[in-house]
Amino acid sequence: MTEPRDVVEQQLAAYNSHDIDAFVATYAEDVTVKRADGSRLEGRPALRDRYAGQFAKGRCRAEIVGRLTEGDWVVDHEVAHGLADEPIRVLVAYRVRDGLIDRVDFLG
């Protein structure tokens, strides 16, 4: 069985290499992403639409400065580069079930 930490690490590697297919493949078909601004993404197609342009620009990169795991959950303290003039610090909680990320909560 794939550990939640490993799935989130695969997602991070795909994000940092701008591989949209590998990135989306780490998520469940019915994934729910709750963004810090209160908006939501529902499902793989919405996830692909949201990230495709960002990946095409090839500038985005996330650095993990801390990680906690408990059961199905992985919480990363991330520094996102290339999305704004200055790096963005954020907490992101990922829930992994059946080897795929099925829920993401951006906490700040």
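What you see below is based on every heavy atom in this structure, not just the backbone, and it leaves out hydrogens, waters and symmetry mates.
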Flag side-chain contact, heavy atom, 4.5 Å: [X] against [Y]:
X: Val92; Y: Val104; answer: yes
X: Val79; Y: His81; answer: yes
X: Val33; Y: Phe106; answer: yes
X: Asp30; Y: Glu42; answer: no

Quick one: pull up [atom1] in [X] and [atom2] in [Y] and give me the separation to the nearest 0.5 Å.
X: Ile20; Y: Leu47; atom1: CD1; atom2: CG; answer: 6.5 Å
X: Trp73; Y: Arg103; atom1: CH2; atom2: CZ; answer: 4.0 Å
X: Glu3; Y: Glu9; atom1: CD; atom2: CD; answer: 13.5 Å
X: Asp105; Y: Tyr94; atom1: CG; atom2: OH; answer: 11.0 Å

Linked, directly or transitively: [X] and [Y] (ILVMFWY side chains, under 4.5 Å):
X: Leu12; Y: Ile101; result: no
X: Val31; Y: Val24; result: yes
X: Leu41; Y: Leu91; result: no

Is the side chain of Gln11 donor-acceptor paired with the backbone N or O of Val8 at a distance under 3.5 Å, no angle test?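 Indeed, once roles are kept as given, a pair shorter than 3.5 Å links the two residues.
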
What closest approach, in Å, do [X] and [Y] show between heavy atoms, and which atom pair accounts for it?
X: Ala62; Y: Asn16; value: N-OD1, 2.7 Å
X: Leu100; Y: Ala28; value: CB-N, 3.7 Å
X: Pro4; Y: Gly71; value: CG-O, 3.6 Å
X: Leu83; Y: Cys60; value: CD2-CB, 3.9 Å

By side-chain hydrogen bond (donor to acceptor under 3.5 Å, both in side chains), which residues pair with Tyr15, not counting sequence neighbours? Gln54

Can you sort out the partners of Arg61 under side-chain hydrogen bond (donor to acceptor under 3.5 Å, both in side chains), two or more places apart, ordered by chain and number? none

Mind running side chain to side chain donor-acceptor pair (under 3.5 Å) on Ser39 and Asp37 for me, showing each step along the way? CA-CA 6 Å; Ser39 65; Asp37 66 5; 2.6 Å; yes

Closer than 4.0 angstrom, basic N to acidic O: yes or no for Asp72 and Arg97? yes

With a 4.0 Å cut-off on N to O distance, would you call Arg48 and Asp21 a salt bridge? yes

Determine, stepwise, if the pair Tyr27 / Asp102 fulfils side-chain contact (heavy atoms from CB on, under 4.5 Å). CA-CA 6 Å; Tyr27 290 88; Asp102 75 336; over 6 Å; no

Would Arg40 and Thr32 satisfy side-chain contact (heavy atoms from CB on, under 4.5 Å), going step by step from the backbone distance to the final call? CA-CA 7 Å; Arg40 299 175 82 132; Thr32 298; 3.1 Å; yes

Restricting to pairs with a member in residues 76-92, which pass salt bridge (Lys or Arg N to Asp or Glu O under 4.0 Å), not counting sequence neighbours? Arg67-Asp76

